[in-house]
Number of protein chains: 2
Amino acid sequence: MSTEDTGATLEGELALTAVETVDTTFLETLIGYNARRTALVAIESFLRVLEPLRLKPVEFSVLSLIEHNPGITQRQLCAALNILPPNLVGLIQRQERRGFIEKRPHPRDGRASGLYTTDEGRSFVARAEELVAALEARLVARLSPSEQRTLLQLLQRVYRSPSV
Amino acid sequence: MSTEDTGATLEGELALTAVETVDTTFLETLIGYNARRTALVAIESFLRVLEPLRLKPVEFSVLSLIEHNPGITQRQLCAALNILPPNLVGLIQRQERRGFIEKRPHPRDGRASGLYTTDEGRSFVARAEELVAALEARLVARLSPSEQRTLLQLLQRVYRSPSV
DNA sequence: TATTGTTATACTCTATAACTATA
DNA sequence: TATAGTTATAGAGTATAACAATA
């Protein structure tokens with residue numbers, strides 16, 4: 001992250017410690033810290049790779065979930081993605097305006113509507129998922145296939161464990 | 001996340017799929033998604049546990065880094081924590097006002113100042129780090145010690161790999 | 001000329017209150 | 001009475017531009 005290194009540490013001041021190299025060992029023992037940094041790196045790449053499609057991570061998640069769960073409701077999307085209902089409204093409208101999804105009346109609940117991808121939306125999601133899969137491969141390129149599986153499993157066991 | 005389950009899936013509608021249970025299998029293959037969810041769970045617990053100390057995750061990181069890197073500059077903190085300089089100013093001022101840190105003139109650079117914890121700050125950080133360590137233990141309670149080490153190592157290999 | 005710390009400010013993300021229409 | 005979706009809005013987090021002091 002730092003681009004310079006002026007060296008010259010021996011100024012003779014006793015109390016002076018590690019002013020050039022930052023010691024982050026304590027923070028690095030915390031999954032919260034490490035998970036956050038990993039997520040930030042992934043999101044950064046994501047933004048770059050999906051920029052040509054004008055698609056942000058949450059928007060991708062929403063489209064992908066609708067594609068694989070035809071008829072899903074906004075309430076279900078909120079629960080699955082940890083989004084608050086008011087903040088989902090705009091996301092849905094945008095994808096609707098782009099012609100990628102459409103609402104149809106819900107068969108059993110007049111308050112809700114089911115969300116579906118359009119033909120155009122389906123091919124768009126397919127393209128996006130390809131780009132994301134390729135990005136994913138680059139992200140974990142340093143890990144062996146078994147290490148990749150292990151990492152996902154361990155993360156899931158942490159965030160799925162109840163009452164943390 | 002969902003608390004209800006109305007059942008009654010066999011309505012006879014052909015196109016209706018998985019309206020009650022959401023299929024997230026594609027998203028769950030992505031480290032970005034899994035790392036983010038893990039980070040969110042950790043941050044949630046963090047906010048709850050550190051609330052009595054009126055300390056947020058970033059504030060803890062800042063204090064902890066100053067404690068373990070006496071004389072660190074704001075520029076170094078920014079680089080280490082991925083914070084932009086203007087956004088660090090307020091964080092520093094708040095911890096200064098609480099009497100936990102102090103600025104001293106930098107020995108070699110008149111533009112910068114070195115940051116140090118005060119006596120009060122040191123005992124405060126110690127208390128905070130204890131709480132965080134206990135929280136960490138609960139977060140990874142479902143993993144064996146060797147799995148815990150593996151998880152941290154794999155995460156670090158992902159976010160440290162260059163040019164993702 | 002470049003960099004540290006700072007102010008002001010804009011933009012995005014997330015959260016809360018309140019409404020409507022259905023259940 | 002409670003819930004799905006919506007509007008309006010507040011607040012937190014993150015970003016850029018510009019400046020003074022120092023390198």
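For the numbers below, each heavy atom of this structure counts, side chains included, while hydrogens, waters and symmetry mates do not. Here is the naming used below: chain letters follow the sequence lines, and residue numbers restart at 1 for every chain.
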Any residue meeting salt bridge (charged side-chain N to carboxylate O under 4.0 Å, His left out) with A:R111, in chain and number order, not counting sequence neighbours:
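Per chain and number, A:R111 pairs via salt bridge (charged side-chain N to carboxylate O under 4.0 Å, His left out) with A:D109.
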
Nearest whole Å is fine: how far is [N] [atom2] from [X] [atom1]?
| X | N | atom1 | atom2 | answer |
| --- | --- | --- | --- | --- |
| B:I72 | C:dG5 | CD1 | P | 10 Å |
| B:I83 | D:dT16 | CD1 | P | 15 Å |
| B:R94 | D:dG13 | CZ | C1' | 15 Å |
| B:I43 | D:dA12 | CD1 | P | 16 Å |
| B:R75 | C:dT6 | CZ | C1' | 16 Å |
| B:I101 | C:dG5 | CD1 | P | 12 Å |
| B:L88 | C:dG5 | CG | C1' | 10 Å |
| A:I92 | D:dT6 | CD1 | P | 8 Å |

Of the candidate nucleotides C:dT6, D:dT6, C:dT4, which contains the atom at the shortest distance from the side chain of B:K103?
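The answer is C:dT6.
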
Winner on side-chain proximity to B:V89, out of D:dT7, C:dT4, C:dT7, is C:dT7

With B:Q156 via side chain to side chain donor-acceptor pair (under 3.5 Å) - residues at least two apart
A:N34, B:R160

Sequence neighbours left out, what passes side chain to side chain donor-acceptor pair (under 3.5 Å) with B:T25? Give chain and number order.
B:D23

B:Q93 side chain near C:dT7 phosphate (N/O to OP1/OP2, under 4.0 Å)
yes

Under 3.5 Å, is there a donor on one side chain and an acceptor on the other for A:T118 and A:E102?
no

Going 5' to 3' through nucleotides 11-17 of chain C and flagging B where a protein heavy-atom sits under 4.0 Å of the base, S where only the sugar-phosphate is that close, and - otherwise, we get --SBBBB

Would you mind listing every ring pair (Phe, Tyr, Trp, His ring centres under 6.0 Å) that reaches into residues 122-143 of chain B, with sequence neighbours excluded?
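Counting only pairs at least two positions apart or across chains, the ring pair (Phe, Tyr, Trp, His ring centres under 6.0 Å) contacts touching residues 122-143 of chain B are B:F100-B:F124.
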
Filter on salt bridge (Lys or Arg N to Asp or Glu O under 4.0 Å), then keep only pairs touching residues 144-153 of chain A, sequence neighbours left out; what's left?
A:E147-B:R157

State which residues pass ring-ring contact (aromatic ring centres under 6.0 Å, His included) with A:Y33; sequence neighbours excluded, sorted by chain then number.
none

Which pairs, protein N/O on one side and nucleotides 19-23 of chain D N/O on the other, fall under 3.5 Å?
residue : atom : partner : partner atom : Å
D:dT22  : O3'  : B:G110  : N            : 3.4
D:dA23  : OP1  : B:G110  : N            : 2.7

Is the closest side-chain heavy-atom distance between A:L139 and A:T38 below 4.5 Å?
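No; the side chains remain at least 4.5 Å from each other.
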
Taking only distance into account, with no hydrogens and no angle test, what donor-acceptor pairs under 3.5 Å do side-chain atoms of residues 49-61 of chain A form with protein atoms, sequence neighbours excluded?
residue : atom : partner : partner atom : Å
A:E59   : OE1  : A:K56   : N            : 2.8
A:E59   : OE2  : A:R94   : NE           : 2.8
A:S61   : OG   : A:P57   : O            : 3.2

